[in-house]
*Asks:* 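Sharing a structure here in structure tokens format.
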Amino acid sequence: AFAAQLALQDEPMIQIPLFARATMIGLAMAAAAPALASQPSLEQTVTSQLAQAPLGTRFGLVVTDAQGRELIAINPDNRFIPASNTKLFTTAAAFAALPGLDQPDSAGGAAVRLVEVRRRVRDVVLVGHGDARLSSSADCVTNCLATLADAVAARTRRVRDVIGDDTLFPDQRWSPGMGWNNIVTAYGTGISALTLDDNEFRLRVTPAEVGQPPSLDELPYYRVTNQAVTVAEGETDLRFTRMPGSLDLRLTGRIAASAEPRTLRLGIDDPALYAAQRLRTLLEARGVRVTGQVRVRHRPAEGGEGEEATSNAPPPVATEPDLARVVPPPLREDLVRINKESQNLHAELMVRRLGILSGSGSIQDGVAVIGTLLEQAGTSRTGWDLSDGSGMSTYNRMSPRAVARLLRWATTQSWGTAWRETFPVAAVDGTLANRFRGSTLERRLFAKTGSLNATNALSGYMTARSGQTLIFSFFANDVPPGGGATAVMDRVLATIADAN
């Protein structure tokens, strides 16, 4: 229509009656209307791209600008399994509620005590305080179990029992709703206030002669039935099976004779017992005679059943002084690892440390702290339900709108920038190191990933083509076998960034 008006203005000598001019403009506008109608909206484009995902996939997406104005809203209030997007809630609450995140973690370090049983007979007690980073590795430099072993060896050459004490938290080693098949793996290892080496047992498998079982490192913890075989050529494929609660492990599969040794990461069901066993080994290596046994102290969880189980009682007060205590690095470093690497164990310990601020240290007490934060952020109570702090529980639910609201609110908080800096960066690091390469969002998207059975999630911040910051929360549930949802999600987010 504007072009038609210009054409008429270019011919001043031609006199066209007013009604004729109006008719011509109307015809021009009518001709342009189909062309305008053929241009899909951004939401229509996004919906079309989502339709390319495997049939049956259920999506939820909210995208807002920095002021909170919604640009895209697809199933915004539907509830989705969030997988590791749960860690967003846990780490945000830690930044908001835990003091001294940039200082050495003096509250969290493990300690040893010598407890007199009778005259000249003492037990050594290894006490956990919720730190996730105590190490027994040979190259350990800081926060080392060896430091505690040295302290005991400097005081005595003989002890009776070696006791692992994790009574700071109730004995909730696995969250309600976690798949039992994950328990035996490093992803679902037991949670304990006394944590050592990420509560993982690393089994090193080395090829032998062709046709023979591969060799294994000495195993002071598991009883292994080795049914694997060394093959002349082909790909290495090693697998292990173990029933939860059992120390009997079966190794199957094959390893190529020319292959480098492989390390399998196994979960530990009783971390306090494992830590006490490792301490005994270190003590004996230092000439300390252990005349008794290795045992543990747990604090039973009380209350209801399943997800309601809790203990309202505060942790016990120590009556014996510490002989020595290690001080871990600042907790902020661990929050970076939780979000960058999506570290489940560390997230679970963080939610329990939230729970001990004014409660018993249970999962439920930690979730209550998170709930207070979400209420302050203005999220709907129907927009979330949590049964853990890591996202391994299939009971967890979140809505895209609730997550987006937290992300928006965090930008107004003093800790918001530090929290955002813990997120993986597209095509750079963490769980996003291999995503968005070569796209508009390379190095311009900062978000927490999530992956669980039939579930994918991604929520955070991205810089649009215009330079403005967009906030988003994106879920895919009920993804059929074979996946494919993440590629669609990445393409949709790049489309949105390009259009803004």
Side-chain angles (χ1 to χ4, degrees), residues 91 94 98-114 124-156 162 164-166 168 186 189-204 217-218 220-221 260-261 263-268 271-288 322-350 353 418 421-422 429-430 433:
T91 54
L98 293 176
L101 292 180
D102 291 320
Q103 302 301 315
D105 183 21
S106 57
V112 285
R113 299 168 186 159
L114 286 174
V124 58
V125 183
L126 175 63
V127 184
H129 292 96
D131 172 52
R133 297 161 290 173
L134 184 66
S135 172
S136 69
S137 67
D139 59 353
C140 180
V141 175
T142 185
N143 202 23
C144 306
L145 185 63
T147 302
L148 301 178
D150 289 340
V152 174
R155 181 63 64 90
T156 183
V162 179
D165 185 324
D166 66 357
L168 182 70
T189 188
I191 314 300
S192 167
L194 179 53
T195 286
L196 177 68
D197 301 332
D198 286 337
N199 293 345
E200 294 180 10
F201 188 89
R202 302 202 170 203
L203 175 60
R204 184 178 168 90
D217 285 354
E218 183 181 354
Y221 190 70
E260 293 294 322
T263 299
L264 303 179
R265 298 166 57 208
L266 316 176
I268 291 174
L273 179 63
Y274 175 73
Q277 288 176 337
R278 289 290 295 135
L279 178 60
R280 175 177 183 156
T281 299
L282 294 180
L283 290 174
E284 291 175 338
R286 286 158 174 76
V288 177
D322 292 342
L323 173 64
R325 185 164 180 164
V326 291
V327 178
L331 267 182
R332 181 169 174 174
E333 295 179 15
D334 201 31
L335 291 166
V336 171
R337 185 177 178 195
I338 287 171
N339 280 339
K340 293 279 189 184
E341 300 178 19
S342 206
Q343 222 291 347
N344 294 322
L345 167 67
H346 293 217
E348 291 299 335
L349 287 169
M350 198 65 66
R353 291 189 70 161
E421 288 173 351
T422 68
D429 63 12

*Asks:* Of all the heavy-atom pairs spanning P329 and R133, show the shortest one and how long it is.
*Replies:*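 For P329 and R133, the tightest heavy-atom pair comes out as O-NH2, 2.9 Å.
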
*Asks:* Using atom types as modelled and distance alone, determine if a side-chain donor or acceptor of T422 lies under 3.5 Å from a backbone N or O of A418.
*Replies:* no

*Asks:* From L331 CG over to D105 CG, what is the distance, rounded to the nearest 0.5 angstrom?
*Replies:* 4.0 Å

*Asks:* Check whether any side-chain heavy atom of Y274 sits under 4.5 Å from a side-chain heavy atom of D197, and report yes or no.
*Replies:*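 Y274 vs D197: side chains touch.
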
*Asks:* Salt bridge check, R337 against D198: does any charged N sit closer than 4.0 Å to a carboxylate O?
*Replies:* yes

*Asks:* Is any side-chain heavy atom of L145 closer than 4.5 Å to a side-chain heavy atom of L279?
*Replies:*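 Yes; the side chains approach each other to less than 4.5 Å.
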
*Asks:* When rounded to the nearest 0.5 angstrom, what is the spacing between CG in L203 and CG in D217?
*Replies:* 7.0 Å

*Asks:* What's the separation between atom CG in L196 and atom OG in S135, rounded to the nearest 0.5 Å?
*Replies:* 7.0 Å

*Asks:* From L345 CG over to M350 CE, what is the distance, rounded to the nearest 0.5 angstrom?
*Replies:* 10.5 Å

*Asks:* Taking 4.0 angstrom as the limit, do R113 and D165 come out as a salt bridge?
*Replies:*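 Salt bridge between R113 and D165, a charged N being under 4.0 Å from a carboxylate O: no.
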
*Asks:* For residues S192 and D166, is any side-chain donor paired with an opposing acceptor at under 3.5 Å?
*Replies:* yes

*Asks:* Taking all atoms of both residues into account, what is the closest heavy-atom pair of L283 and A149, and its distance?
*Replies:* CD2-O, 3.8 Å

*Asks:* Output, in order, the C-alpha distance, side-chain angles, deciding distance and verdict of side-chain contact (heavy atoms from CB on, under 4.5 Å) for L266 and Y221.
*Replies:* CA-CA 11 Å; L266 316 176; Y221 190 70; over 6 Å; no

*Asks:* Sub-3.5 Å donor-acceptor pair from the side chain of R286 to the main-chain atoms of L282, do we have one?
*Replies:* yes

*Asks:* In Å and rounded to the nearest 0.5 Å, what is the CG to CG distance from L134 to L126?
*Replies:* 7.0 Å

*Asks:* Check whether any side-chain heavy atom of V127 lies under 4.5 Å from a side-chain heavy atom of L194, and answer yes or no.
*Replies:* no

*Asks:* Minimum heavy-atom separation for A132 to T195, with atom names?
*Replies:*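 Minimum heavy-atom separation between A132 and T195: O-CG2, 3.7 Å.
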
*Asks:* Quick one: closest heavy-atom pair of E200 and R265, and the distance?
*Replies:* OE2-NH2, 2.7 Å

*Asks:* What is the minimum heavy-atom distance between P104 and V327, and which atoms define it?
*Replies:*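 What the structure gives for the nearest pair is CB-CG1, 3.7 Å.
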
*Asks:* Looking at T189, is its backbone amide N or carbonyl O close enough to the side chain of N199 to form a donor-acceptor pair, meaning the two atoms are under 3.5 Å apart?
*Replies:*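 Checking the backbone N and O of T189 against the side chain of N199, no donor-acceptor pair under 3.5 Å is found.
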
*Asks:* Quick one: pull up CZ in R353 and CG in D131 and give me the separation to the nearest 0.5 Å.
*Replies:* 7.0 Å

*Asks:* Answer yes or no: is there a donor N or O on one side and an acceptor on the other, between the side chain of R325 and the main chain of A107, under 3.5 Å?
*Replies:*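 Yes.
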
